[in-house]
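Working notes, structure below.
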Amino acid sequence: MIGESPQALTGEAMASRIYSPFAYPVPRRARVVPVVSIEAERLAGTFPLVWRRGANGAELVALRSLLEDGSGFPPGADRSLSHLPLALQAYPFVFSGDTALAPTGNSRLLDAALADEPSDVGAAVAGPDGRLSRGAELRLRALSLFERDFAATAAIGNALAAENLLEPWPLEFDLGGGQKCDVPDLLVVAPSAFETPRLAPVLARLGAPAARLVGFHRLSLFRAGVLLGAARQAMKTAIERARP
């Protein structure tokens, strides 16, 4: 789950005003974002799709940048809604399967984060008649798509982990100017698994969705070079701007 201060979607929260995802720091800066398998085809051409250890086991994520300051995104992807994972298209609505965070039983929460760069007046989550605003409908639709595929995606990741097919993917790079970056705790399908029958048990059990996801995962890893180039360019620009 991505959120700074998630709260139950009841009472006063329904009268809160919401803005474009890019009005909030999280969608602008998050470099590692949970994703689900149904969006793999859309995202694999821009971001590496990998796994990391999470509360629900091996969690599928998109690596959007090597940097943590909101820079270093692939060209054209930093403020593009079409490049946003579903979890960020839905923001400030967030999904949680944790009943401690969703005591009402509703897995959909609202992040009470400050919109520090609003581009318009926004809209209330719901009007006085209780009807959702158009903006809320669109975001909750994205969240619904994420929620619908969440369990199936987790099952694929956990099956890969159970078969010992995931291995660490260390990302440590020198960006120049004495600056380095490090993205820890990421996992990829072991390259050797594609040359042997080791993937067969997972693919036989989980079928075409698992095969498609593993395929897009493998192709997406080539995007790491684009991220490195973008990070180095962002660092170079920051150094030049800091010069007197």
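Numbers here are sequence positions counted from 1.
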Does the side chain of [X] reach to within under 4.5 Å of the side chain of [Y], using non-hydrogen atoms?
X	Y	result
Leu84	Val33	no
Pro201	Glu163	yes
Leu63	Leu49	no
Leu60	Leu213	yes
Val188	Glu167	yes
Val35	Leu86	no
Pro75	Val226	yes

Open item on the list: Check this for me: does any side-chain nitrogen of one of Asp78 and Arg29 sit under 4.0 Å from a carboxylate oxygen of the other?
Closed with: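 No, this pair does not count.
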
Task: Candidate pair Phe93 and Ile18, rule side chain to side chain contact (heavy atoms under 4.5 Å, CB included), full reasoning - done: CA-CA 9 Å; Phe93 297 108; Ile18 58 175; 4.0 Å; yes

TODO: Any ring-ring contact (aromatic ring centres under 6.0 Å, His included) involving residues 18-53? Give me the pairs, sequence neighbours left out, ordered by first then second residue.
DONE: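 Pairs touching residues 18-53 that pass the test: Tyr24-Tyr91, Trp51-His217.
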
TODO: Using distance alone, with no hydrogens and no angle criterion, decide if Thr46 and Arg64 have a side-chain donor and acceptor under 3.5 Å apart.
DONE: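 Arg64 and Thr46 do not have a side-chain donor-acceptor pair below 3.5 Å.
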
Task: Candidate pair Arg198 and Ser192, rule side-chain hydrogen bond (donor to acceptor under 3.5 Å, both in side chains), full reasoning - done: CA-CA 9 Å; Arg198 292 176 60 200; Ser192 61; 3.3 Å; yes

Open item on the list: Keeping Glu172 on the side-chain end and Asp182 on the backbone end, is there a donor-acceptor pair under 3.5 Å?
Closed with: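 It does not hold such a pair.
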
TODO: Please step through side chain to side chain contact (heavy atoms under 4.5 Å, CB included) for the pair Ile156 and Thr153, ending with a clear verdict.
DONE: CA-CA 5 Å; Ile156 296 172; Thr153 302; 5.7 Å; no

Task: Pair listing, salt bridge (Lys or Arg N to Asp or Glu O under 4.0 Å) test, anchored in residues 133-152, at least two apart - done: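 Those involving residues 133-152 are Arg108-Glu147, Arg134-Glu137.
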
